[in-house]
Chemist: 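Below is one structure. I have some questions about it.
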Amino acid sequence: MSDRINDDSDVDTYTGGLRTASVSAQFKVASIKRQREMLPIFRHRQALLYIVETSPVVVLIGHTGSGKSTQLTQYLYEEGWTSESKSIACTQPRRVAAMSIAARVAQEIGCQVGQTVGYSIRFEDMTSSSTRIKYLTDGMLLRELLVDPLLSRYSVVIIDEAHERSIYTDILLCILKKVIRKRNDLRLIISSATLQAEEFASFFGPDTKIVSIEGKSYPVDIVYLSEPTDNYVERTIQTILDIHNEEPEGDILAFLTGREEINTVVEEIVNRSTTDSNRQARLLPLPLYAGLPQDQQIRIFDPAPEDTRKVVVATNIAEASVTIDGIIYVIDCGFVKLRAYDPASRIESLVVSPVSKAAAIQRAGRAGRTNPGKCFRLYTSQAAEKVLPDVSVPEIQRTNLAGPILQLKSLGIENIAKLDMIKPPPTDLVVNALEILFSFGALDEYGKLTPGIGERMAELPLDPMLSKVLLISQNLGCMDQMMKIAAMMSVENVFYRPENDRTAAEMEHLKFTVDEGDHLTLYNVYQAFTVRGKGSSKWAHDKYLNYKSLSRAVSVRNQLARYLEKLGINVTGSTSLPTANVETIIKCLVRGYFANAAIMQPDGSFKLVGSQKIVWPHPSSVMYTRSAEWVIYSQVIELGDKTYILGITKIERDWLLEAAPEYYHVRRGRA
DNA sequence: TTTTCCGTG
């Protein structure tokens, strides 16, 4: 599926041509050359190379299907920008994109991935000394800046999909602005959608050139509601049935905000279309969201059977991450779930918000990839104009900055407030992050990285709290267990609970559950998978566990071991120690999560220590059906009108005082 | 009391 999941359609628009097997190698080379020359960007090859030669910063507006992600790197390579052992870097906000684009470009150049063309993402480095074109995630390039502050090994850096404004893209652009002042020979290319191009150009100053390249797509008719709806889920169902009864054949893609809405629509379509005998053709509704196991996700790529119309009901995963061929109709509900973070309460939330105009354009475009299409927007044209924001708030302005600030400190950037950013983060987010890092002992009272713990925390690719736990585990003798717990906490959707098989799944999951809580339950699952299950997918499937998540956890554990070894910690020695007891492991967790303590109330809710806020155990937690007194939790999130804690483990009150005497000294009595 | 948008090191 990697050749179909990408963030830019220019990777797979022409894979069809490559499936003509059994042709001679020479013909294939000629065919690839011809396909490359048919892409819209090819006409601009010379002009682009001239602009890059003469301007330090170029903003490239490349529409979907223009070929920018795959071709620009090759043009620069062919033109000699990689002589003198320099390379070209091209960043992507998503791992799958870095992998699949690298695979495509390697094929076009005629090399193995990892030779002239390679990629680098967390836990996977597919590059070698001969790599000249390197695709990597934006977070990975930021990591590289830690060891090579001037990016001396690169002659050109391309920041692709910059309009998505991931937090790492924003930080990279801020640092790259400094780097290009010191390196006259470095070129920076920022690839962006139309609406944001001007903002990037003005950030980099008057010498910046803007270039626009047309794309390869078909016209899409936009249809609005004449009156607003107060129930977009029901309206989605009706619109699907209307399209089915009135419009010519072609598959449908409907955008909704979450799993629950998606399941409602899928069920209702099944129910209502069987009673609706107007047409012979049937409807085949398929759900798509990130939490769905992979074997079910890939069903959306199967062509619909004869006389059947496929309806993919998806979250915004289908907006950029997943591209489905053959979509003619798009239904856009006009909303999206966005993550926010409140530094005062330190609580994250997921809130249903109006989509941005930029996202609405992207959604509509999904209908015109292979044929002219039609997009039904479930809001009025007035709302589209007046209510929708132009672009959504950049991630750096709505997220917990503790991790990113730790990394910036490690880059030697002391005064975060003075950074020249496109949109700087609000002061309270920065202050909050500094306070969190100070309470861990990662920063001293002057805001400087502490030599022992802070410097080491910055090296680990984990949440600061979890980094702290892992580093402390060495002293407590439970590093082997903690590496596995940290790995399991870094992957998502370990447990699989299908709607129609829920009881059976819950019975299987119960076999791993322990009364102490979620963290030790995760440890049990890891042990069972690697020892009894021998890492097999059948074993995982039988136990209703997500095989892909478990395999990733194993690879994360191994990578963590390598990071710790690099920090001079003897990992192999520690794994041969006698097994640490349960109390030691929990005490170790408390050393990192001491600020996340709560007490259970008689009604089953929890009161957070400090804020006194009332929260509920999330139904995914083992504490949902168990009782406790004192607990620590690893996540708190507000969903709708309720706040939940997840990753819960029972503790003793005294362990909090023991783990953080200074922190709890001032608060004693308030809990 | 009955379940989570998408990403990243």
Side-chain angles (χ1 to χ4, degrees), chain A residues 7 91-98 120-125 136-146 161 164-172 255-263 288-292 314-322 333 335-340 348-353 355 359 392 395-396 398-399 403-404 406-407 410 457-464 466-467 490-493 495-497 499 502 506 556 559-560 563 600-606 614-621 623-625 627 635-647:
Chain A
D7 72 338
T91 70
Q92 298 293 325
R94 281 174 290 277
R95 302 156 55 96
V96 272
S120 178
I121 59 181
R122 183 167 74 151
F123 305 128
E124 218 178 318
D125 182 14
L136 71 175
T137 47
D138 48 12
M140 201 69 204
L141 188 63
L142 191 60
R143 282 271 147 191
E144 288 193 2
L145 272 163
L146 289 177
E161 310 293 338
E164 290 193 18
R165 302 295 296 275
S166 87
I167 184 164
Y168 296 108
T169 288
D170 270 28
I171 295 174
L172 273 179
F255 285 99
L256 289 165
T257 72
R259 191 179 71 173
E260 203 181 326
E261 289 172 5
I262 289 170
N263 285 337
L288 175 68
Y289 46 88
L292 207 62
T315 61
N316 54 338
I317 189 174
E319 209 176 276
S321 306
V322 176
C333 75
F335 291 93
V336 64
K337 257 185 199 157
L338 280 185
R339 199 155 63 162
E348 261 189 348
S349 56
L350 277 175
V351 187
V352 176
S353 327
V355 284
S392 54
E395 196 184 2
I396 199 166
R398 53 180 169 90
T399 198
L406 191 63
Q407 245 180 294
S410 181
M457 276 172 70
E459 294 290 318
L460 292 174
L462 294 172
D463 206 55
L466 202 49
S467 297
S490 304
V491 301
E492 279 184 318
N493 310 308
F495 298 99
Y496 174 50
R497 252 165 289 214
E499 212 69 44
R502 238 168 83 176
E506 277 165 8
V556 172
Q559 187 73 19
L560 288 175
Y563 272 108
M600 195 177 241
Q601 310 289 108
D603 66 353
S605 68
F606 284 92
I614 301 297
V615 299
W616 294 89
H618 192 274
S620 68
S621 168
M623 280 303 155
Y624 183 65
T625 51
S627 68
Q635 212 193 338
V636 51
I637 192 163
E638 190 182 308
L639 303 164
D641 51 6
K642 258 186 157 174
T643 306
Y644 297 94
I645 49 174
L646 296 86

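Lettering follows sequence order; numbering is per chain, from 1.
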Chemist: So, A/Glu261 and A/Lys337, do they make that salt bridge, N to O below 4.0 Å?
Modeler: no
Chemist: When the nearest nucleotide of DNA chain B is assigned to A/Ser120 and to A/Leu338 on a heavy-atom basis, which residue is associated with the more 5' position?
Modeler: A/Leu338
Chemist: Could you work out which one of B/dG9, B/dT1, B/dG7 sits closest to the side chain of A/Trp616?
Modeler: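 Of all the options, the side chain of A/Trp616 is nearest to B/dT1.
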Chemist: May I ask you to say what A/Leu142 touches in the nucleic acid, namely base, sugar-phosphate or nothing, with a heavy-atom cut-off under 4.0 Å?
Modeler: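 Here A/Leu142 touches no strand at all.
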Chemist: What's the spacing between A/Arg143 CZ and A/Glu459 CD if we round to 0.5 Å?
Modeler: 7.0 Å
Chemist: Write down the distance between OH (A/Tyr644) and P (B/dC5), rounded to a whole number of angstrom.
Modeler: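 Rounded to whole Å, this separation is 12 Å.
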Chemist: Rounded to the nearest angstrom, tell me the gap between atom CG in A/Leu646 and atom C1' in B/dT3.
Modeler: 9 Å
Chemist: Which distance, rounded to the nearest 0.5 Å, do you find between the CG of A/Leu350 and the CZ of A/Arg339?
Modeler: 7.5 Å
Chemist: Heavy atoms from C-beta onward define the side chain here; which of B/dC5, B/dT2, B/dG7 lies closest to that of A/Asn316?
Modeler: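 Closest of the options to the side chain of A/Asn316: B/dC5.
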Chemist: At under 4.0 Å between heavy atoms, what does A/Tyr624 touch on the DNA or RNA strands: base, sugar-phosphate, or nothing?
Modeler: base
Chemist: Remember a base hit wins even if backbone is also touched, and classify A/Arg502 as base, sugar-phosphate or nothing at under 4.0 Å, heavy atoms.
Modeler: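 Base contact.
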Chemist: Quick one: A/Leu256 CG to B/dT4 P, roughly how many Å, whole number?
Modeler: 15 Å
Chemist: Can you tell me which nucleotide in B/dC6, B/dG9, B/dT4 comes closest to the side chain of A/Ile317?
Modeler: B/dC6
Chemist: Is any side-chain N or O of A/Arg95 closer than 4.0 Å to OP1 or OP2 of B/dG9?
Modeler: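 True: A/Arg95 side-chain N/O within range (under 4.0 Å) of B/dG9 OP1/OP2.
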Chemist: Got a second to check how far A/Leu256's CG is from A/Ile262's CD1, nearest 0.5 Å?
Modeler: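 These two atoms lie 6.0 Å from each other.
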Chemist: Heavy atoms from C-beta onward define the side chain here; which of B/dT4, B/dT8, B/dT3 lies closest to that of A/Leu639?
Modeler: B/dT4
Chemist: Which part of the nucleic acid, if any, lies within reach of A/Gly258 when heavy atoms closer than 4.0 Å are counted: base, sugar-phosphate only, or nothing?
Modeler: sugar-phosphate
Chemist: I need the A/Arg122 CZ to A/Arg95 CZ distance, nearest 0.5 Å.
Modeler: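 Here the rounded value is 6.5 Å.
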Chemist: Just how far, in rounded Å, is P of B/dC6 from CD of A/Glu161?
Modeler: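 Nearest whole value for this atom pair: 18 Å.
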Chemist: Between B/dG7, B/dG9, B/dC5, which one does the side chain of A/Arg94 approach most closely?
Modeler: B/dG7
Chemist: Just call it for A/Glu492: base, sugar-phosphate, or nothing, with non-hydrogen atoms closer than 4.0 Å on any strand.
Modeler: nothing
Chemist: How many whole angstroms separate atom CD of A/Glu261 from atom C1' of B/dT4?
Modeler: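 Going from CD in A/Glu261 over to C1' in B/dT4 covers 12 Å.
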Chemist: Separation of A/Glu395 atom CD from B/dG9 atom C1', in whole Å?
Modeler: 13 Å
Chemist: Taking only side-chain N and O atoms of A/Thr315, does any of them lie within less than 4.0 angstrom of OP1 or OP2 on B/dC6?
Modeler: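 Checking B/dC6 against A/Thr315, a side-chain N or O does come within under 4.0 Å of OP1 or OP2.
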Chemist: Classify A/Ile167 by what it touches in the nucleic acid, base, sugar-phosphate, or nothing, heavy-atom distance under 4.0 Å.
Modeler: nothing
Chemist: Working to the nearest 0.5 Å, report the span between CD1 of A/Ile171 and CG of A/Leu141.
Modeler: 12.0 Å
Chemist: Rounded off to whole Å, could you give me the CG-to-C1' distance for the A/Leu466 and B/dG9 pair?
Modeler: 13 Å
Chemist: Want to settle it: does A/His618 or A/Met457 sit nearer the 5' end of DNA chain B, counting the closest nucleotide to each?
Modeler: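 Here A/His618 is the residue nearer the 5' end.
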Chemist: Students often get this wrong, so: under 4.0 angstrom with heavy atoms, is A/Ser620 touching a base, only sugar-phosphate, or nothing?
Modeler: base
Chemist: What is the distance from CZ of A/Arg165 to P of B/dT8, rounded to the nearest Å?
Modeler: 19 Å
